[in-house]
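Notes for the one structure printed next.
Lettering follows sequence order; numbering is per chain, from 1.
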Amino acid sequence: MDPRTTVINERLRRTGRIIAVSSGKGGVGKSLVATTLALALAQKGCKVGLFDLDFTSPSTHLILGVKDVQPKEDKGIIPPVVKGLAYMSLIHFSGDQAAPLRGADVSNALIELLAVTQWGELDFLVLDMPPGIGDAVLDLVRLVKRIEFLIVTTPSRLAFETVKKQVRLLQDLKVPIIGVVENMKMNQAENIAQETAKLGLKFLAGIPYDAQVEDAIGDVTKLHDTTIAKRIRKVAATNITQ
Amino acid sequence: MHEWALAEAVITAAQQIAEKEKLKEIKEVNIKIGELQQVERDIFRFALSQLKPAGFKNATFHISTAKTTLNCRVCEHTWLFSENKLDEDTAEAIHFVPEVAHVYIKCPKCGSPDFEISEGRGVWLENIKGVR
């Protein structure tokens, strides 16, 4: 028997809400939404953890400008604090090198980190998910009892069609979905908001494409002034902490 | 120490099995540790002794080590983890998350990081024995 799965919910016992920022498609801005959401919640005075679960293509460390931090070891692994967030990522162990992991390896690494990370007391744990509905989504739904999802899409039908599949899966699994964020909007079209309503979900925000974001990567002060950060702060205030 | 978290997982899992099998007193807990995770046995054993609940008071913890075998998926070469010479930082990274072996270890024959950890990954609870 794999003993690790038995302690996962104990490790998360003192964590309030656990929010997985997810999408059926890659490149829609999940990591930016997850990072700005975690920062927005921390700005409101909440204790927040950010866990980058995109093991093969992590990027929250680049957004936050993480440098020279390491977890501590004390009856488990204690995440370092980065920009006010308890921050966990595979990069603490893999550095900048590629992590070529197959599905079973992703599952094993995920279970390991969930079993040994000592998050302590948190109001929110934000999870930056890998794209799709593969091992990480299925493992988290199976292992983390109180998980809820926040879905990110772009206006592209290619993105939204995969989101629909993901939503159906989560609804079948009876997993709560906070709502849908539409990122990188190029115009005022409301079709994603309408389609979201048809799925029975809340449309949380339509965020215009912001060319300034690239310049804010690695600089949290600049990031706070971006449109995405401002809109996500509003989402946090009206849909998550209220 | 990270071994405490693993020991806690073993105790919790063993308690769950004891409850399911209605065992009142546990006599034996058999654990296998994969060489890849490089668990410090003394710390792990001490943690088990400190964490064990009342029903496990007289239990003996048997800990065996499984050699880690790696199989290359590209050229099908098989080799032992112990043949790799790792520096301290790399060994520590693999100790925390054994899957990062794919970051640091390559097939000695073809250089591919696409290998399977076929045996001896981490901590495994084999079985428990007790009385009802």
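No part of B:Ile31 comes within reach of chain A, as not one of its non-hydrogen atoms sits under 4.5 angstrom from that chain. With a 4.5 angstrom heavy-atom cutoff, B:Gln37 touches chain A only via side-chain atoms. Proximity to chain A (any heavy atom under 4.5 Å) is restricted, for B:Gln16, to the side chain, taken from C-beta onward.
Smallest separation of non-hydrogen atoms from A:Pro3 and B:Val123: CD-O, 3.5 Å. Of all heavy-atom pairs between B:Ala9 and A:Thr6, the closest is O-OG1, 3.3 Å. Taking all atoms of both residues into account, the shortest heavy-atom contact from B:Phe96 to A:Ile77 is CD2-CD1, 3.5 Å. Summarising the geometry of A:Gln97 relative to B:Tyr104, their closest heavy-atom pair is NE2-CE2, 3.4 Å, with the distance given to 0.1 Å. Of all the heavy atoms in B:Ala5 and A:Ala115, the pair that sits closest is CB-O, 4.3 Å.
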- Run the side-chain contact (heavy atoms from CB on, under 4.5 Å) check on A:Arg102 and B:Asp114 step by step: do they pass? CA-CA 8 Å; A:Arg102 285 177 179 257; B:Asp114 186 13; 2.7 Å; yes

- CA sep, side-chain torsions, deciding dist, call: B:Arg121, A:Glu112, side-chain contact (heavy atoms from CB on, under 4.5 Å): CA-CA 11 Å; B:Arg121 179 203 171 275; A:Glu112 193 73 32; 2.9 Å; yes

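With respect to chain B, the highest number of heavy-atom pairs below 4.5 Å among A:Ala104, A:Pro71, A:Ala99, A:Pro100 belongs to A:Pro100. Residue with the most contacts toward chain B among A:Val116, A:Asn108, A:Val7: A:Asn108 (heavy-atom pairs, distance under 4.5 Å). Contacts with chain B were tallied for A:Thr117, A:Leu90, A:Asp105; A:Asp105 has the most, counting heavy-atom pairs under 4.5 Å.
Annotation for B:Asp87: atom CG counts as buried by contact number, over 12 foreign heavy atoms lying within 6.0 Å. Heavy-atom contacts from other residues, nucleotides or ligands closer than 6.0 Å to CD of B:Glu126 number more than 12. Atom NZ of A:Lys47 sits in a sparse spot, with 12 or fewer heavy atoms from other residues, nucleotides or ligands closer than 6.0 Å. Remark: A:Asp96 CG is loosely packed, at most 12 non-hydrogen atoms of other residues, nucleotides or ligands lying under 6.0 Å away. Crowding of B:Glu83 atom CD: a count of heavy atoms from other residues, nucleotides or ligands under 6.0 Å exceeding 12.
The structure places CG of B:Asp89 at 8.5 Å from CD of A:Gln70, a figure rounded to the nearest 0.5 Å. Between A:Glu73 atom CD and B:Glu92 atom CD the span is 6.5 Å, to the nearest 0.5 Å. Note that CG of B:Asn127 is 12.5 Å distant from CE of A:Met1, once rounded to the nearest 0.5 Å. Here the straight-line distance linking atom CD of B:Glu99 with atom OG of A:Ser94 works out to 12.0 Å at 0.5 Å rounding.
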